[in-house]
Amino acid sequence: MAIKHTAGKLTTTTDYLNTVKRSLFNQVLGARIGELSQKPNPPFLGVNAGIGNLMGGLDQFSFSVTAKPGKLAEAFAAGWSEVEQVKRFGFTQSELDRAKAAYMASLEKAAKEKNKTVSESYVKEYQTLFLEGAASPGFDWEYNFLKKELPGISLDDLKAVANEYITDTNRDIFIVAPDKEKNNLPDSATVTGWFKTVAAASLAEYKDNVTDQPLLKKIPAPGKVTAQKNYPALGIQQLTLSNGVKVWLKPTTYKNDVIQFLSFAPGGINKYSNEDFPSASSANGIISGSGLADFSPVQLSKILNGKSVSVGAFISGRSQGIGGASIVKDFETALQLIYLRFTAPRKDTVLFENALAQSREQVQTRYNDPGNVFKDTVTAVLSGYNYRTSPATLARLDSISLEKAYEVYRDRFADASQANFVFVGNFNTDSIKPLLEQYLGALPSLNRKEKAVKLPVLVPKGQLVKTVTKGTDNKASVLLVYNGDCVYSTENKMQLQALSEILQYRLLTSLRENAGEVYTPSVNANMSKEPDQRFGVNVSFGCAPEHVEHLVGLVQQDIANLQQQGASADEVQKFKAGFQKQYELQSESNEFWLQFISGKIEGKEELKELPNIEKQLSRINGASIKAASKNYLSGKNVIRFVALPEKK
């Protein structure tokens, strides 16, 4: 549903303040609606509402609800009652205070990073200034203006926003449903009646459930740093804590007020049997989404409101760990959340049942989209139809146990003795050591000496063709997968990347510009060291069904030319220039160092100075690309996937 309004201009201080009021309104309304999904057995799969841009000089108040089968009326009533409650009673002071605190926290964070703002942000602002006439006073003005004006925004201001935007005029309602439900859909009179029923209903005022309980009831007994090692060439310090946890610290100034972190330890869900796999593979999603300790997700979000911190767990096939980020002021909160992720997971029967209901609906409607049929076919073939990579079914969902998922999660985080924590950002190593001892040093240690479990590689060998016919759109999708065993090395990985990018240059010319029969082609390559040394080169493009064979032939011809003649000097130089520029930009970021350090440690590689990129690039030339094309694009192991529309 869209309630249309003429979009206002952004030229005066009043205009600007009104945009902030709408932002606060959206923030509080979104939090309210988010709480609906925490209730037992809701009649909907999702609800969304808020004020935003529409088109053609219009704004809108939009409302959407995705109903469970046969429950459209109930779903509408549940969702719209929340909107009606806001319009009738407004918000509470504690809700508004949290929204203001969060808004101001984001401003403070932006203020600290002001001198690190990327040029693109300025360009976008100048575009709106010159194309739309929107005011562009600059960040300093906005920051100082809001520090003065934000405290004065009242509950009456937000209620006025609700009254202005939630109306029964200029209202468009759209109902989308499967063809089989066509005869069961309500007419306009019925839907109008739903609005009237909710408007006449007796609704109670919202009660804000807040707590002043701290994240940790009791601060844990700290551990101690038992060993320390420095890597001066990289500016890295490594600490070993008394519980076995290893901490890798890389101070940077790429951001003024950001600390990013990642932990990992061997283990993962490969350790569990196929019988337990449905619960094990869902364990992190189920348990991480259920809150922490005694706090539900809603309560936890209220406790953390106004803080700039995020901490999440992961359990992959071969490892498990924690990732996240915080500003310096909230670093202790981040460490407390890490401690709770290890020691105090929470299970919630209501959230578990709601999540399963949503998953069941997604499974039943998944193959309405032909693209999902194609994607699942690709996954199935490349995994040798392995049970663990097959798509979810209703039977598999029904076999998921909350107790088993909880047990798996607890088991994966019961022992931190093999965990490596990497911290990158603007911090002083001496200052944060006591906090690391306090929380990471207190993590449980069982010294289990786990090893990652290797599952066999099941990618089929030889030349295969797999065609999928689904849908009625007159278009085709083609994916060519070249793959096989390889010798992993940094040099070989770079040669493979150069080959893939040069092949893409050629396909852009031969398929799109010369043949004119294809959407933008894409070439992606990867090389892995663990669990096996393997490579893959994926060539993909979309086209009209009748052009598939011709275009596949052009791809094969471009590959044959590379194998016979190698790459041209211009192609090699283009790759080198682009790679070096991208590397220079990436290597001056926290994300690069977080992944670089983690990758070296997890791959059991030596931590040493960054490679000499110019020296590595000097080894790439026309002859090396010729050799790489023969090695990686030989066609010995290639699978052709084609998605075509169903025959009429």
Check: residues 192-199 side-chain donor-acceptor pairs under 3.5 Å, at least two apart:
from : atom 1 : to   : atom 2 : distance (Å)
T192 : OG1    : S188 : O      : 2.9
T197 : OG1    : G193 : O      : 2.9

Side-chain donor/acceptor of [X] to backbone N/O of [Y], under 3.5 Å:
X: Q299; Y: S296; result: yes
X: T377; Y: V373; result: yes
X: N18; Y: D15; result: no
X: S106; Y: Y103; result: yes
X: D330; Y: T333; result: no
X: S399; Y: R396; result: yes
X: Q93; Y: L155; result: no
X: N354; Y: S37; result: yes
X: Q358; Y: L45; result: yes
X: K100; Y: I153; result: yes

Legend entry - Residue K466 excluded, over 12 heavy atoms near NZ under 6.0 Å: no
Legend entry - Residue pairs, two or more places apart or on separate chains, that pass salt bridge (charged side-chain N to carboxylate O under 4.0 Å, His left out) and touch residues 138-154: K114-D140
Inset, instruction - Just grab all the salt bridge (charged side-chain N to carboxylate O under 4.0 Å, His left out) pairs involving residues 39-61, residues at least two apart or on different chains. - result: none
Can you name the closest pair of heavy atoms from [X] and [Y] and give their distance?
X: L96; Y: S154; result: CD2-C, 3.6 Å
X: L351; Y: G289; result: CD1-O, 3.7 Å
X: F352; Y: S401; result: CZ-C, 4.2 Å
X: V523; Y: Q504; result: N-OE1, 2.7 Å
X: I287; Y: P345; result: CG2-CB, 3.5 Å
X: L304; Y: V309; result: CD2-CG1, 4.5 Å

Could you measure the distance from the [atom1] atom of [X] to the [atom2] atom of [Y]? Nearest 0.5 Å is fine.
X: Q27; Y: N305; atom1: CD; atom2: CG; value: 7.0 Å
X: S281; Y: I400; atom1: OG; atom2: CD1; value: 6.5 Å
X: N284; Y: F314; atom1: CG; atom2: CZ; value: 9.0 Å
X: T19; Y: I51; atom1: OG1; atom2: CD1; value: 11.0 Å
X: I286; Y: L356; atom1: CD1; atom2: CG; value: 6.0 Å

Can we say [X] and [Y] salt-bridge, meaning some charged N sits less than 4.0 Å from an Asp/Glu carboxylate O?
X: D257; Y: K329; answer: no
X: E403; Y: K347; answer: yes
X: D376; Y: R366; answer: yes
X: R346; Y: D348; answer: yes
X: K302; Y: E35; answer: yes

Inset, instruction - Provide the full list of side-chain hydrogen bond (donor to acceptor under 3.5 Å, both in side chains) pairs with a residue in residues 61-76, sequence neighbours left out, each pair given once. - result: N41-K68
Legend entry - Geometric cation-pi criterion R32 and Y206, 6.0 Å radius, 45° cone: yes
Inset, instruction - Can you sort out the partners of Y143 under ring-ring contact (aromatic ring centres under 6.0 Å, His included), two or more places apart, ordered by chain and number? - result: F139
Inset, instruction - Determine, step by step, whether N163 and K87 satisfy the side chain to side chain contact (heavy atoms under 4.5 Å, CB included) criterion, reporting the C-alpha distance in whole Å, the side-chain angles of both residues, the deciding distance to 0.1 Å, and the verdict. - result: CA-CA 6 Å; N163 290 332; K87 186 177 179 182; 3.7 Å; yes
Legend entry - Between S94 and D97: side-chain donor-acceptor atoms closer than 3.5 Å: no
Inset, instruction - Decide whether T92 and E95 meet the rule of one side-chain donor and one side-chain acceptor closer than 3.5 Å. - result: yes
Inset, instruction - Would you sort out whether N368 and T365 count as a side chain to side chain donor-acceptor pair (under 3.5 Å), showing the intermediate values? - result: CA-CA 6 Å; N368 292 342; T365 60; 4.9 Å; no
Legend entry - I269 side chain near S316 side chain, heavy-atom distance below 4.5 Å: no
Legend entry - V468 side chain near L644 side chain, heavy-atom distance below 4.5 Å: no
Inset, instruction - Could you list all the ring pair (Phe, Tyr, Trp, His ring centres under 6.0 Å) pairs where at least one residue sits in residues 38-64, not counting sequence neighbours? - result: F63-W80
Inset, instruction - I would like to know whether F91 and F25 meet ring pair (Phe, Tyr, Trp, His ring centres under 6.0 Å); could you show each step before the answer? - result: CA-CA 9 Å; F91 298 119; F25 173 87; 5.7 Å; yes
Inset, instruction - List the steps and the verdict of salt bridge (charged side-chain N to carboxylate O under 4.0 Å, His left out) for K470 and D369. - result: CA-CA 9 Å; K470 181 71 174 178; D369 180 355; over 6 Å; no
Inset, instruction - Starting from the C-alpha separation in whole Å, work towards a yes-or-no answer on salt bridge (charged side-chain N to carboxylate O under 4.0 Å, His left out) for E113 and K109. - result: CA-CA 7 Å; E113 302 296 341; K109 183 178 180 180; over 6 Å; no
